[in-house]
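Below is one structure; the comments refer to it alone.
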Amino acid sequence: MIEFHLDARSGVAPYLQLIHQVRQALRLGLLRVDDQLPTVKDVAAGLAINPNTVLKAYRELEYEGLVAARPGVGTFVTGTLSDASLAAHGPLRQDLQRWLAKARRAGLDDESIEALFLNTFRAGTAQDVA
Amino acid sequence: MTAVLDASGLGKRYRRRWALSDCTLSIPPGRVAGLVGPNGAGKTTLLHLAVGLLTPTAGTITVLGGRPAASPQQLARVGFVAQETPTYAALSVADHLQLGARLNPGWDSKLADSRIEQLGLDPGQRAGKLSGGQRAQLALTLAVAKRPELLILDEPVASLDPLARREFLQSLMEFVAGHEASVVLSSHLVADLERVCDYLIVLAAARVQLAGEVDDLLATHHRLTGPRRDPATLPAGQQVIEASHTDRQSTMIVRTSEPIHDPAWTVEQLSMEDLVLAYMAAGATVGRRPALEVQR
Amino acid sequence: MTWLTWRQFRAQAWVAMAALAALAVTLAVTGPHLATLYRTTRRGDFLNLTQAGSYHVLSLIGAFVVLAVPGLIGLFWGAPLVSRELEAGTLRLAWNQSITRTRWLAIKLGIIGLAAMAAAGLFSLMVTWWSSPIDHANESLLGPAVFGERGIVPIGYAAFAFALGVTAGLLIRRTVPAMATTVAAFVAARVAVTLWVRPHLLAPVRVLSVITQGNLNTYTQHANGPLGGPITVAVGVNSPGAWIVSEQTINGGGHVVASIPQVAACAGNRGATPPCFTRLAQLGYRQLVAYQPASRFWAFQWDETAIFLALALLLAGFCFWWIRRHVS
């Protein structure tokens, strides 16, 4: 079972935050197939949020095929995000570490590295969209 | 399905001042509706009209399809937590539960008892000795244990400290999730409502400035920032709610159901607080403007 | 609702019951001795005994209690009934239970109103019983000072005071001003009825009589000298315990006069002597006395009780009308 939390200042809609947290947990292997998600009532009561928000998040996850509701029992994990990509994490991290070292040698400080990364990342997504 | 609250041309006048005027509103069932507005905007008046503590001067109001407080059956369907969450100071917590059990045919004593236990309240304690948060929770227990279809709360957390406030809203959401009740909740603080509401009503200067599903409202309102520009030159589908200008730059909050293509604008999403503040400001400056209503 | 009414009212009810019990014990202990005293002593001695000392004090206490109880009921049971809930905001709690506000008011008014009438009735019953020997000896039951503290009329006063208090609380919405208004209005109503309504409830008996040494009650010579001065007199009627409502002097010409002008036969120290009265009779002076005989005591009691109960019902009706339209 995972526990949800909300960041009120993030500006991200609460139901999206819930979805992100489930996906993150799946990615990190914290949630596995057949694990149960907290009930709508527990999440609503725990976070003091509208139960419809929780329902909306769960429905979205269901639509993505990651979870399934079993009537009268609860919502259970049916899919996973980790299997295919997890193997690729190691080599990619090594590449990234090499790149970071190169950036430091070139005289970039942490802030500049972060800005460069985000800029490139955004430009990439923008090109994908277009 | 019947609207939980249906108002048409509703108005209430105290002597010469209209506390609420020309209010037309239809809140769909199954929502947690937030009623926001500055102090004195008419929130309490609207809620008192809905529970039948006041009678309208103009227009009509029906709640769950019936006239407010017209019969014991109607009263049983609506739970109300009044502002300052009044309780009988001389009566104990147990007395209050007894009161609820004797005056409400649908009383759920299991729910009431388990809530009191969960809250850690001493049944023998006099209500007058309870803290503000505990008193609010007791008032909420009385309102929910009668198992209403609609729960109306008038600024229930306004006088509570942040922890008590959070605990109260947790209790409220637990009840809503467990019993599928509709809720109308007023507050002058948007932060209280942001997490719990999926329907929003902005009341300012005795009028409804905005009403609609939160998701729709957030999807159709944008903040545009760009080179200085006259709001009148915007496309017809874009309604300007708020505009401010420097000598070079214009910032506007607009409402539109169309995507915004103009590359001159930087388009930003609004938070619920931005939205409420924009409409409250609009209501304050153009007090006489007809209500901006989203009827779907 | 009955439960809630009792739960909120029980402190006041206990106070009333304690006061009833205390008075009951005091009167039960002293009452039989007083009755024996009345049977075994001559009237004059009995009156002397009861117009001073502990019996006098007890009779004053009894009279004061019955006089004050309706006012206290209006003050502490009536006025706060709605106003305290308005002040504390608890009406907003009570009126959102599954019970209409009309029913809420009906049960509150019914239960506490009946309790008020019962309490006032019991206080009056005890005091009426205890003081019956003194009342018999005094022959004064109809007098304004005693009438309101005996019999059933305190029940009417209590019902009226209670309804008055509730009405004041409903209109004024604040407890302390409502209490003050209740007391002022109740006292005003009691005084007005005593002075202007009660004497006219039944047509008084009128008798015309000459002034004699025997029937003379008071004789006042307003100036004295060789020729005397204007005189005013008052006479009694031959009806024990009668309540004299009005008395006028009528001259030989059949006209009402404020006073008898100077009469030589009554001048100087000859005033209030047989020759003076003979001369007054010769001149044609008569006293016209209107009075209510003591036998009408219960008729007056029923009439005045009915008046106050009717006023109480009117006020209660007003409360129902008001609560449905105006209160929040």
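Numbered from 1 within each chain, the chains take letters A, B, ... in sequence-line order.
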Ignoring hydrogens and geometry, is there a side-chain-to-backbone donor-acceptor pair from B:Ser26 to B:Asp6 under 3.5 Å? no

What part of A:Leu55 lies closer than 4.5 angstrom to a heavy atom of chain B: side chain, backbone, both or neither? neither

Donor-acceptor pair, distance only, cut-off 3.5 Å: does the side chain of B:Asp216 make one with the backbone of B:Glu213? no

Taking the six-membered ring for Trp, are A:His20 and A:Phe4 ring centroids under 6.0 Å apart? no

Backbone of A:Leu96 reached by a side-chain donor or acceptor of A:Arg98 within 3.5 Å: no

A:Asp34 and A:Arg70 ion-paired at < 4.0 Å: yes

Criterion side-chain contact (heavy atoms from CB on, under 4.5 Å) on B:Leu142 and B:Trp107, from CA distance to verdict: CA-CA 9 Å; B:Leu142 275 175; B:Trp107 184 256; 3.7 Å; yes

Could you go through the side-chain contact (heavy atoms from CB on, under 4.5 Å) check for A:Thr75 and A:Gln36 one step at a time? CA-CA 6 Å; A:Thr75 307; A:Gln36 190 180 358; 5.9 Å; no

Applying a heavy-atom distance below 4.5 Å, give me the residues of residues 147-167 of chain B that approach chain A, sorted by number. B:Arg166

Which residues from residues 168-185 of chain B are near chain A, with near meaning under 4.5 Å between non-hydrogen atoms? B:Leu169, B:Gln170, B:Met173, B:Glu174, B:Val176, B:Ala177, B:Gly178

Is the number of heavy atoms from other residues, nucleotides or ligands under 6.0 Å of A:Glu3 CD greater than 12? no

Measure from the side-chain N and O atoms of B:Arg195 to the backbone N and O of A:Asn50, and report whether any donor-acceptor pair falls under 3.5 Å. no

When you check the gap from the basic side-chain N to the acidic O, do B:Arg223 and B:Glu242 get nearer than 4.0 Å? no

